[in-house]
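Shown next, in structure tokens, is the structure this report addresses.
Computed over heavy atoms, backbone and side chain alike; hydrogens, waters and symmetry mates excluded.
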Amino acid sequence: MSFRFLPTLGLLAAALPALAQSPAPAPTRAQDSAFVRQHYRKLDRQVVMRDGVKLATIVYVPRDADRAHPYPIIMERTPYGAGPRGEDHYPLRGPGPSRELSQEKYIFVYQDVRGRYLSEGQFEEMTPALGPTAANKARRIPRGPAAPHDESTDTYDTIEWLLQNVPGNNGRVGIMGISYPGFYATASLPGAHPALKAVSPQAPVTDEFMGDDAYHNGAFFLLDNFDFTNFFDVPRPQPTARYQPLFKLNITDSYAFFRALGPLQNANQPQYFGGRAKVWNEYLAHNTYDAYWQARNIRPHLTGVRPAVLVVGGWFDAEDLFGALHTYQAIEQQNPRATNRLVMGPWTHGAWSRTDWSKFGPLSFGQNTAEYYRRTLETPFFNYYLKDKGSFNPAEATLFDTGTNQWQTFAAWPPKEAQSRAYYLNGLGQLAAAPAASPADEYRSDPAHPVPYTAAIQGGRNNEYMVEDQRFAAQRPDVLSFQTEPLAQPLTVAGPLGADLWVSTSGTDADFIVKLIDVLPDSAATPAPGGALPAGAQRLVRAEVFRGRFRNSFEQPEAFQPNVPTEVKFALNDVLHTFKPGHRLMVQVQSTWFPLVDLNPQQFGGAAPAGTADAKPATIRLYHEPGYASRVVLPVQ
């Protein structure tokens, strides 16, 4: 899948395999198409918002829906197109987000959000939310061109129209969505319509500067954004059923391509974006956590949550792992009485909607984790809250342990029983429970020869980098590795990770990438159908980047004083991973991760747009001595 892209759920057939019911074999396309036409009739409508803007909306209604047999509504709002268009054109599969829900029979609704495809209005990247007071007042103000609106009010107005105009509905509505549609699901929660009873943000875009799609801790995610912007950020002077890429480009080696591209500003050359990409320009113009990003952080607005919420994410999601974890946390912290549950599986972006997800790259899970989730969690969630069917009382958090390949349940996440344990990055490559004084390690970080994020040579992002063997990086002189002795007992790490580094640079800025790695024994392998992790493999468990200029403030960046020891602390996303006996914990530290992350010039440029024209090599030192003891902090059960 491309960055941040999942097709509208009604179009899932075009991009994903059929979602099989276990144990029966998956129906053919002809059978699926016949099922849709036989059981659903289709409505293609323009729904008027409070300010007069019309949003293109497609509705699939069960043919037996009436007052005696009413059905609830499940809706997705999407920037990716709500087709197929026209009341005589049905999807090959569906019309719901899964075969399970389609066969349960709901009224399924898909809507182009404001300013996308056939909807009127102006598209705004992650539309800033109205304040709580303004949002509440917005429900009661007269309609008109000046009526305040955001994604919550658009959702509210759509629900109101559906209840009044779609026959055979039972007055209850659910919303779900993956990726960007996950953001729209989240955005339905502030000031939610009373009929909205169940919401499932799945891999939701949540805070694009802190850890989702645009930046991670201030470091720009170059590879993903370049690819995504080309097909998404296309000027649209009027509603259209189709978008064409801004340019045609066949990249076979992304490392070589982006090295040749040079400074980020070169992406606006005529053969690429040529200044036409509005969101791309906004991203680069706002490279601190300024008002632009703060207004697009949905988390502070997740108060007064009334619908039941099921947040879903994947441990191997290269796009919105941050979003799932932090959406759940924001709701939990600001709504102590809300019904709010978390599911995290061994999935890439949206992989829980696949027919089968029993393996990933060299890993085998021994079970179909996607089918298990849909059968035991997603379908019962909507059935219970929208149909009063069955029961739904899972644990607060249902998470997959990526070290043991087992589902675990928790009464709270992070688990309250987890204890913080420090592992010190000592000299001679040791990762130990206590600091040991030793000379600083150092490496030369050269933007002309950056550390690749993957050993694979390919044009797009290698999703498997999230679990890739890191020995290709460990052999480089600009990557520092620290590891424990082989473990005598299993060690489970459960929750967010912390990095606390004491560093210096001969320059005035630097990035720091910290990786937590599971090192297999030299004499063993983890078998997997179609492949295996070889003996001694350094399997990546979690990694994150931090742009050093933001060590004290994301709003006000600061230069480093050259060659002066400086503390850089930051959080890595959560894990649930058991390191088995005989395995080692390893931590790697480096300063480039290319072209996943853009090149830091290693010279402080204040708030100027990012670029690499003035990039210079720098000597980075990592300190171990008392008072400057670098460490990682792990939540251990």
Partner set under ring pair (Phe, Tyr, Trp, His ring centres under 6.0 Å) for Phe400, not counting sequence neighbours: Phe365, Trp407
Reference residue Asp207; test side chain to side chain donor-acceptor pair (under 3.5 Å); the match among Tyr215, Trp293, Tyr289: Tyr289
Electrostatic pair Asp511:Arg547 at N-O distance under 4.0 angstrom: yes
Donor on one side chain, acceptor on other, Ser445 and Gln602, under 3.5 Å: yes
All ring pair (Phe, Tyr, Trp, His ring centres under 6.0 Å) counterparts of Phe579, not counting sequence neighbours: His577
Salt bridge present between Arg375 and Glu371 (N-O < 4.0 angstrom): yes
Test salt bridge (Lys or Arg N to Asp or Glu O under 4.0 Å) applied to Asp509 - qualifying residues, sequence neighbours left out: Arg549
Pairs satisfying salt bridge (charged side-chain N to carboxylate O under 4.0 Å, His left out), at least one member in residues 556-572, at least two apart: none
CD (Gln561) with more than 12 external heavy atoms under 6.0 Å: no
Single hit among Gln483, Gln538, Arg476 for side chain to side chain donor-acceptor pair (under 3.5 Å) with Gln588: Gln538
His583-Asp518 side chain donor-acceptor pair, cut-off 3.5 Å: yes
Option among Leu302, Val305, Val311, Asn335 that satisfies the side chain to side chain contact (heavy atoms under 4.5 Å, CB included) test with Asn340: Val311
Salt bridge (Lys or Arg N to Asp or Glu O under 4.0 Å) partners for Arg551, two or more places apart: none
Residue pairs, two or more places apart or on separate chains, that pass ring-ring contact (aromatic ring centres under 6.0 Å, His included) and touch residues 535-570: Phe209-Phe550, Phe546-Phe554, Phe546-Phe570, Phe550-Phe554
Sequence-distant partners of Asp401, salt bridge (Lys or Arg N to Asp or Glu O under 4.0 Å), two or more places apart: none
Parallel, tilted or perpendicular: ring planes of Tyr180 versus Phe183, cut at 30 and 60 degrees: perpendicular
Distance-only check: which donor-acceptor pairs under 3.5 Å involve side-chain atoms of residues 452-460, not counting sequence neighbours?
| unit_1 | atom_1 | unit_2 | atom_2 | d |
| --- | --- | --- | --- | --- |
| Tyr453 | OH | Asn462 | N | 2.9 |
| Thr454 | OG1 | Ala456 | N | 3.1 |
| Thr454 | OG1 | Asn462 | ND2 | 2.9 |
| Thr454 | OG1 | Glu468 | OE1 | 2.7 |
| Thr454 | OG1 | Glu468 | OE2 | 3.2 |
| Gln458 | NE2 | Gly460 | O | 3.4 |
| Gln458 | NE2 | Arg461 | O | 3.2 |

All side chain to side chain donor-acceptor pair (under 3.5 Å) counterparts of Trp413, not counting sequence neighbours: Asp574
For Tyr255, all residues meeting ring pair (Phe, Tyr, Trp, His ring centres under 6.0 Å), sequence neighbours excluded: Phe594
Pair Ser630-Tyr424, side-chain donor/acceptor within less than 3.5 Å: no
Which residues share a ring pair (Phe, Tyr, Trp, His ring centres under 6.0 Å) with Trp502, sequence neighbours left out: Tyr628
Residues which pass salt bridge (Lys or Arg N to Asp or Glu O under 4.0 Å) with Asp446, listed by chain and number, not counting sequence neighbours: Arg444
